[in-house]
Q: 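Just passing along the structure, written as structure tokens.
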Amino acid sequence: MPMSPRRRLPAGRPPLLAALLTLALTLCVLPSATADEPPPAPSATQAAYDQQRCGNQSGSVLLTFDDWPYDHVERATQVGAYLHSQGIRAAFFLINEYAAQYPRVAQELRRQGHWVGNHTYSHPHLPGLTEEAARREIRDGVRSTLFRPPYGAYGPRETRIASGLGSRVCTWTVDTRDWEERNGRFPDVATLRERVRNAPAADLRGGVVLGHLFTNYPDAVPGIVDDLRAGGYRLCRNTGPTTPMIPNPLPC
């Protein structure tokens, strides 16, 4: 809005008083000096939570493992021990129907410095369940503040339920598709390494790689780690034991 024209002062006003009145009128019509200044940029902790990146704002790659090692229970802690020896922290999303029978697995993974997340109780397709059944599956999963929906299938309802139970949805940016069988066989180690190595840089930096504990993915991990490092990527740093309370943003 244009400024109002300055008033004419009556004759005979003292000069000092006239100057003060002029200044007061000017200040009344001038816009605030800070009105048009842009708001301060949000800090890293204020950035919007990215479900695909699980709150990973570090630029490092987070390796993740889903489900359960059905044929060899110790497989999870063995790959966890390897990653620990390399100074790498990963995230394991376990099905609690099995993890509850072998509580030492989650305990050892956390002791090794890895995050352990909730992958529901029995791995159903959540959008096909009633609200009560979906809530029960999420509630009865491994206790954690990170929740990965089975098959990556979720919507606003599942996000709301998880949030109400104190969890954040965590999916992925790079899918190794290690679970896709062909002629009754999972993809081999070389194929899985190639898929991660050829993933877009934007999906790897600050991204999340998905694989499973019952496929060839755990066997491919040492090669994947070598390939990522050779490509100039950093992996999430292992800084010691963890708890079910996984921070946001992720301290990678």
Side-chain angles (χ1 to χ4, degrees), residues 51-52 54 62-83 89-155 157-181 186-187 192 208-221 242-246 250:
Q51 292 177 330
Q52 283 187 291
C54 307
L62 174 64
L63 300 178
T64 67
F65 301 78
D66 278 15
D67 288 14
W68 188 256
Y70 303 105
D71 58 342
H72 182 22
V73 171
E74 301 303 328
R75 198 176 191 206
T77 54
Q78 286 173 355
V79 70
Y82 163 75
L83 291 167
R89 169 173 287 162
F92 292 76
F93 293 87
L94 305 180
I95 300 172
N96 205 27
E97 183 177 9
Y98 304 99
Q101 298 177 43
Y102 301 92
R104 70 181 186 278
V105 173
Q107 293 167 1
E108 178 63 12
L109 288 171
R110 289 188 175 117
R111 190 196 66 78
Q112 291 171 345
H114 304 298
W115 290 310
V116 179
N118 177 358
H119 201 38
T120 69
Y121 180 76
S122 65
H123 203 273
H125 184 266
L126 291 173
L129 301 182
T130 65
E131 169 118 0
E132 180 183 356
R135 179 180 300 277
R136 185 167 57 248
E137 279 286 343
I138 299 172
R139 182 198 65 204
D140 294 346
V142 172
R143 190 167 68 91
S144 176
T145 53
L146 278 188
F147 165 64
R148 174 166 287 171
Y151 314 105
Y154 74 101
R157 183 188 72 168
E158 288 71 35
T159 301
R160 171 176 52 79
I161 293 173
S163 178
L165 294 170
S167 297
R168 305 180 300 278
V169 171
C170 167
T171 58
W172 56 83
T173 58
V174 177
D175 186 353
T176 63
R177 306 191 314 281
D178 58 323
W179 49 270
E180 292 180 335
E181 293 185 76
F186 294 123
L192 298 177
V208 178
V209 178
L210 167 68
H212 295 77
L213 286 164
F214 60 85
T215 69
N216 292 315
Y217 177 65
D219 296 331
V221 163
T242 67
T243 73
M245 303 300 291
I246 302 172
L250 295 181

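Just the heavy atoms: all of them, side chains too, but no hydrogens, waters or symmetry mates, feed the values below.
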Q: For Thr64 and Arg148, does a side-chain donor sit closer than 3.5 Å to a side-chain acceptor?
A: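 On atom types as modelled, these side chains qualify, holding a pair under 3.5 Å.
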Q: Do side-chain atoms of Thr173 reach the backbone of Gln52 as a donor and acceptor pair under 3.5 angstrom?
A: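 No, because the side chain of Thr173 does not come within donor-acceptor range (under 3.5 Å) of the backbone of Gln52.
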Q: Would you say that Asp66 contacts Tyr217 through its side chain, given a criterion of any heavy-atom pair below 4.5 Å between the two side chains?
A: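 SC-SC contact between Asp66 and Tyr217 ruled out.
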Q: Between Arg75 and Asp219, does any side-chain N to carboxylate O distance fall below 4.0 Å?
A: yes
Q: Is there a donor-acceptor contact under 3.5 Å from the side chain of Thr215 to the main chain of Trp179?
A: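 A pair under 3.5 Å: no.
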Q: What distance do Ser144 atom OG and Ile246 atom CD1 have between them, rounded to the nearest 0.5 Å?
A: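 Rounded to the nearest 0.5 Å, the OG-CD1 separation comes out at 3.5 Å.
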Q: What's the spacing between Asn118 CG and Cys170 SG if we round to 0.5 Å?
A: 11.0 Å
Q: Between His114 and Phe92, is there a donor-acceptor pair closer than 3.5 Å when you use the side chain of the first and the backbone of the second?
A: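 No; judged by distance alone, with no hydrogens or angles, the pair does not exist.
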Q: For the side chain to side chain donor-acceptor pair (under 3.5 Å) test, which of Arg111, Arg110, Arg104 pairs with Glu108?
A: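 Between Glu108 and the candidates, side chain to side chain donor-acceptor pair (under 3.5 Å) is satisfied uniquely by Arg111.
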Q: Between CG of Leu83 and CD of Gln112, what distance do you get to the nearest 0.5 Å?
A: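 Here the interatomic distance stands at 8.5 Å.
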Q: Any side-chain heavy atom of His125 within less than 4.5 Å of one from Tyr151?
A: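 Yes. Closest side-chain heavy atoms under 4.5 Å.
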Q: What are the two closest non-hydrogen atoms of Leu210 and Thr176, and how far apart are they?
A: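 So the two residues come closest at O-OG1, 2.8 Å.
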Q: State, yes or no, whether a side-chain contact exists between Leu62 and Trp115 at a heavy-atom distance under 4.5 Å.
A: yes
Q: Is atom CD of Glu132 surrounded by more than 12 heavy atoms (other residues, nucleotides or ligands) closer than 6.0 Å?
A: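 Check fails, neighbour count at 12 or below.
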Q: Taking side chain as C-beta onward, heavy atoms only, is Tyr154 less than 4.5 Å from Thr159?
A: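 Yes, close enough: below the 4.5 Å cut-off.
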Q: Considering all heavy atoms of both residues, which atom of Gly80 and which atom of Leu109 are nearest to each other, and what is their separation?
A: CA-CD2, 4.3 Å
Q: Who passes side-chain hydrogen bond (donor to acceptor under 3.5 Å, both in side chains) against Ser167, sequence neighbours left out?
A: none
Q: Considering only heavy atoms from C-beta outward, does the side chain of Val105 approach that of Val116 to under 4.5 Å?
A: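 Counting from C-beta outward, Val105 and Val116 never come under 4.5 Å.
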Q: Quick one: does Thr120's side chain have a donor or acceptor within less than 3.5 Å of a partner on His123's backbone?
A: yes
Q: Which distance, rounded to the nearest 0.5 Å, do you find between the CZ of Arg168 and the OG1 of Thr145?
A: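 That separation rounds to 4.5 Å.
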Q: Between Arg135 and Leu165, is there a donor-acceptor pair closer than 3.5 Å when you use the side chain of the first and the backbone of the second?
A: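 Pair absent, no side-chain N/O of Arg135 close to backbone of Leu165.
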Q: Is there a side-chain contact between Leu94 and Phe65 in this structure, where contact means two heavy atoms from C-beta onward sitting under 4.5 Å apart?
A: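 In short, these two side chains do not touch, never coming nearer than 4.5 Å.
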Q: Any chance you could measure Tyr102, atom OH, to Thr77, atom OG1, to the nearest 0.5 Å?
A: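 One gets 12.5 Å once the value is rounded to the nearest 0.5 Å.
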Q: Of all the heavy-atom pairs spanning Ala134 and Ile161, show the shortest one and how long it is.
A: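 So the minimum-distance heavy-atom pair works out to CB-CD1, 4.1 Å.
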Q: Any heavy-atom pair between the side chains of Pro187 and Asn216 that's under 4.5 Å?
A: no
Q: State which residues pass side-chain hydrogen bond (donor to acceptor under 3.5 Å, both in side chains) with His212; sequence neighbours excluded, sorted by chain then number.
A: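 Counting only residues at least two positions away or on another chain, His212 forms a side-chain hydrogen bond (donor to acceptor under 3.5 Å, both in side chains) with Asp178.
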Q: In Å and rounded to the nearest 0.5 Å, what is the CG to CD distance from Asp175 to Glu180?
A: 7.5 Å
Q: Yes or no on side chain to side chain contact (heavy atoms under 4.5 Å, CB included) for Tyr121 and Asn96, after CA distance, side-chain angles and deciding distance?
A: CA-CA 5 Å; Tyr121 180 76; Asn96 205 27; 4.1 Å; yes
Q: Which residue pairs pass the salt bridge (Lys or Arg N to Asp or Glu O under 4.0 Å) test when at least one of the two sits in residues 137-146, sequence neighbours left out?
A: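 Qualifying pairs, neighbours excluded: none.
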Q: Of all the heavy-atom pairs spanning Leu192 and Ala220, show the shortest one and how long it is.
A: CB-CB, 4.1 Å
Q: For Pro149 versus Ala153, what's the shortest heavy-atom pair and its separation?
A: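 Between these two residues, the closest heavy atoms are CB-O, 3.5 Å.
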Q: Considering non-hydrogen atoms only, spot the tightest contact between Pro69 and Ala76 and give its length.
A: CG-N, 4.1 Å
Q: Quick one: do Tyr98 and Tyr70 satisfy ring-ring contact (aromatic ring centres under 6.0 Å, His included)? Show the steps, please.
A: CA-CA 9 Å; Tyr98 304 99; Tyr70 303 105; 5.3 Å; yes
Q: With a 4.5 Å cut-off on side-chain heavy atoms, are Asp67 and His119 touching?
A: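 Yes. Closest side-chain heavy atoms under 4.5 Å.
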